Amino acid sequence: MAAKRKALVLGGFTGLAATAQANVLEEAGWEVTRMGRAELDFQASDAFGKLERLLDALEPDLLVNGVAYAQVDAAEDNADAADFLNRAVPAALGRMLKSRPSCTFVHYSSDFVFNGKKHSPYTTDDPTDPLNVYGKSKAAGEETLLSLGLDNCLVLRTARLFGPGRDNFVTTILNLCRKNGSVNVVHDQTGSPTYTEDLARCSLKLVEAEAHGLFHIVNAGESTWCELADEAARLARLECVIRPVTSAEFPRRAARPAYSVLDCSSFERVTGNKPRPWPQALRDYIYKNTTPGGDAPDEERDAGKA
Ligand SMILES: NC(=O)c1ccc[n+]([C@@H]2O[C@H](COP(=O)([O-])OP(=O)(O)OC[C@H]3O[C@@H](n4cnc5c(N)ncnc54)[C@H](OP(=O)(O)O)[C@@H]3O)[C@@H](O)[C@H]2O)c1
């Protein structure tokens, strides 16, 4: 019997993307070692030495970096911390992987590297021009990594993640609906909602295809935050008034792109696969994860709706 392929997943206990990636790898028969902040805190002085020793001992076929400074608004006042986790850490990981060519490195980036002035989906050839500190740190991270010229490195831009294991936009909306019966949601920022499980499956396809370089992975279609909230409440069968508001009416610390839909054609060319539409993925997520006590929604009744 062939030996199991081995993966080391950073952020694999709590990270939204990383837990899904670890789960999907395990399902696919990989031997997965998860690291959380308790096992490897990148702020600790010996973190990189510890990781080098771990890589030597484990000799993984895949290293997944799910660690990030992911709080977009907080990053405005914590630029150094965002720069460290989103640029310096992936750059150091990339350098470590340079001498380990048999190990593939997966790093995630974001649609927030774009300024949102386009009106058609962003491709991997479009120039970056981030509007906020978080986006700048993500753009710097991907640029630094790609400049290393590794042929064992995948930089995967994704967006608007929802999935199990950690609060996300969808759980926040559903909780507010349950609590208040109404919620204000911005309707003038359009992007690509993405289910973490689909991101993980698509990432694995790229690993299996031995691809390298920059790719976009998001669910197909586009939506405003308001449309996503509306669909989530409908699928969860919640009586809730979703009130569309403008970004100006709902000011946030960090500016966001008005349009950041990602084009996945390079992923599709390399793997021959196409991510499914986001409403289907959302339905899967909500039915699997947020219906309490096995009270599954009636598929027939739902299918009968327009
Ligand atoms: N979420 C989105 O909608 C979204 C959109 C576009 C792109 N992305 C990108 O996707 C990737 C994953 O994002 P995510 O939403 O999965 O992030 P997340 O859920 O916030 O997970 C981040 C992970 O990093 C860990 N971490 C933070 N600081 C650490 C430190 N000093 N040492 C060790 N671990 C540390 C966290 O551990 P703790 O749980 O202990 O804090 C957590 O496991 C990121 O690169 C992000 O930029 C995400």
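Since this is a predicted model, take the numbers as computed values, not measurements. Atoms within each ligand, like the ligands themselves, are counted from 1 in listed order.
- Residue-level contacts of ligand 1 at the 4.0 Å heavy-atom threshold are G11, T14, G15, L16, A17, R37, L40, D41, F42, Q43, G66, V67, A68, A70, L85, Y108, S109, S110, Y134, K138, T158, A159, R160, L161, R166.
- The ring-ring contact (aromatic ring centres under 6.0 Å, His included) test applied to F13 returns no partner, not counting sequence neighbours.
- Checked against side-chain hydrogen bond (donor to acceptor under 3.5 Å, both in side chains), D80 has no partners two or more places apart in sequence or in another chain.
- Residues V9, V24, L25, W30, V32, L62, V64, V106, Y108, L154, L156, L161, L199, L204, L206, V207, F215, I217, F267, V270 make up the rest of the hydrophobic cluster containing L16, defined by ILVMFWY side-chain heavy atoms closer than 4.5 Å, directly or through other members.
- For F162 and Y195, the distance between ring centers is under 6.0 angstrom.
- By the 6.0 Å and 45° rule, K118 does not stack over the aromatic ring of F114.
- Under the 4.5 Å side-chain heavy-atom criterion for grouping Ile, Leu, Val, Met, Phe, Trp and Tyr, F250 is connected to L228 within one hydrophobic cluster.
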